Amino acid sequence: MPEANNEDAPDIEDALVRRGTRTAAPSAIASGRHAMSVEVALTVFRQMLRTRALEERSIKMSKSGEAYFWIGGPGEEAFSVCLGLQINRGRGPAHDYLHLHYRNAGVMLAMGMPMIDHTRQLAMRATDRHSRGRNFVGHYAVPEWNVVPVTSVIEVQFAMAPGTALVQKRHGLKNPAEAEGITVVVGGEAGTAEGDFESCLNWSTRPGNELPVLMVVTNNNYGISTDLGTVHAHRPIADRAIPYGVRCETINGNDPVAAWHGIDRAMRYCRRERKPYLLEAVVSRLHGHSSSSGAQRNWTEADPIAAFEQKLIDARAIDAPTVRVMKEEAKAEADAAVVATMKEPEPSRDDVYAGTYAPSPTDAVYPGDYTGLPGIK
């Protein structure tokens with residue numbers, strides 16, 4: 001594991017103020033053979049800043065005692081935000097289903113989740129809409145957005161994804177006008193060693209029954225504390241799709257322009273062909289795996305926000321004072337979410353089973369085993 005220093009995460013407004021070098025404002029931000037409009041680029045950048053501000057404030061919560069445990073994805077903001085902004089959000093098989101993991105705060109913020117929905121779960125408050133304060137942070141569950149409950153068990157989401165994709169394919173056959181919903185499942189590179197990952201590849205590629213599953217692997221080169229290079233041949237993770245005949249690609253997940261177009265290509269293929277696609281995004285890991293390892297900043301890792309900030313300033317799409325204001329706004333939003341969260345109640349012993357069971361005819365036989373749904377006596 002790369003050596004990390006023992007400094008706390010710096011406040012977001014303390015980043016270097018950079019100077020531009022170009023003289024003409026661009027109509028687009030280019031990276032290689034791809035380009036992104038300035039409007040989209042600034043939207044992505046703002047959401048990246050919001051995600052980083054939330055993650056850094058979350059780390060401070062875990063260190064200050066405002067929360068018990070932190071896990072997240074600082075360094076993955078570019079890819080996560082680009083993914084969240086391209087989701088067909090809604091409820092039911094006509095929209096995209098999301099099987100996320102616990103490093104996807106950027107996806108949820110880009111989709112429109114308020115920061116306080118994240119900090120409430122982190123602080124284990126009864127107001128936590130995802131689990132009523134009964135789960136780890138980042139374990140989202142939003143039925144109206146087709147966000148399937150996130151689990152701590154590594155990679156099981158890949159075994160569940162074919163289920164929602166099968167419903168979507170059947171729905172599309174009956175309702176051709178609503179045949180663009182796809183299932184997006186996200187995991188890390190270490191989890192691809194799990195049988196659940198192979199199950200997803202297998203069940204999504206049965207001849208004549210191919211499924212619209214976009215399998216995303218965010219590769220930060222570490223499985224908790226294990227260096228990928230010590231357990232995996234030096235080949236792209238995306239190559240695991242080749243024996244199944246699945247279209248695949250590896251992209252630079254730290255580059256928002258490359259990430260945006262890579263996600264767009266993958267989504268368009270899944271929507272049009274109703275077949276699976278494996279997209280590997282190489283990303284950074286700036287604060288280790290979780291607070292269990294100290295969450296210290298690793299300054300040897302590439303920072304996608306710093307790089308994109310420099311690109312935007314050099315292109316004169318934005319200036320340093322405006323960047324500073326955007327960072328201050330993001331930090332203030334995260335701070336306000338924490339202040340409001342800490343005033344809210346924690347779960348009580350009396351509601352520990354609330355929401356565990358749905359009403360059923362057996363309630364009359366075993367009345368003591370059912371404690372009711374939230375708000376139901």
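Just so it is clear, the structure is predicted and the values come from calculations on it, not from any experiment.
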Query raised in the report: Within a reach of under 6.0 Å around CZ of Arg46, are more than 12 heavy atoms found that belong to other residues, nucleotides or ligands?
Result: no
Query raised in the report: How are the rings of His118 and Tyr140 set to each other: parallel, tilted or perpendicular (split at 30° and 60°)?
Result: tilted
Query raised in the report: Do NZ/NE/NH1/NH2 and the carboxylate oxygens of Arg50 and Glu56 come within less than 4.0 Å?
Result: no
Query raised in the report: Is there a side-chain hydrogen bond (donor to acceptor under 3.5 Å, both in side chains) between Thr151 and His139 once you walk through the steps?
Result: CA-CA 6 Å; Thr151 172; His139 288 54; over 6 Å; no
Query - Rounded distance (nearest 0.5 Å) linking atom CE of Met160 with atom CD of Glu155 - result: 10.5 Å
Query raised in the report: Are Glu344 and Thr127 close enough, and set up right, to give a side-chain hydrogen bond (donor to acceptor under 3.5 Å, both in side chains), and what steps lead you there?
Result: CA-CA 7 Å; Glu344 296 176 344; Thr127 49; 2.5 Å; yes
Query raised in the report: Does the side-chain hydrogen bond (donor to acceptor under 3.5 Å, both in side chains) test come out yes or no for Glu178 and His171, once each step is laid out?
Result: CA-CA 8 Å; Glu178 299 180 357; His171 178 81; 2.7 Å; yes
Report task. Could you check if a side-chain atom of Pro162 sits within less than 4.5 angstrom of a side-chain atom of Cys200, using non-hydrogen atoms only? Result -> yes
Query raised in the report: Between atom CG of Asp128 and atom OG1 of Thr341, what is the distance when rounded to the nearest 0.5 Å?
Result: 9.5 Å
Requested in this report: Please determine if Asp351 and Arg134 form a salt bridge, counting it only when a charged side-chain N lies under 4.0 Å from a carboxylate O.
Outcome: yes
**Report entry** Point-to-point distance, once rounded to the nearest 0.5 Å, from CG of Leu201 to CZ of Arg240
**Finding:** 9.5 Å
Query - From CD (Gln47) to OG (Ser80), nearest 0.5 Å - result: 11.5 Å
**Report entry** Member of Arg91, Arg89, Arg129 meeting the salt bridge (Lys or Arg N to Asp or Glu O under 4.0 Å) criterion with Glu144
**Finding:** Arg129
Query - Pair Tyr102 and Phe136, ring centroids less than 6.0 Å apart - result: no
Requested in this report: Please indicate whether Arg170 has more than 12 foreign heavy atoms, meaning atoms of other residues, nucleotides or ligands, lying under 6.0 Å from its CZ.
Outcome: no
**Report entry** Lys/Arg-Asp/Glu bridge criterion (N-O < 4.0 Å) met for Asp303, Arg297
**Finding:** yes
**Report entry** Under-4.0 Å salt bridge between Arg57 and Glu66
**Finding:** yes
**Report entry** Pairing of Arg274 and Glu210 as salt bridge, 4.0 angstrom limit
**Finding:** no
**Report entry** Sidechain N-carboxylate O distance under 4.0 Å for Asp96, Arg271
**Finding:** yes
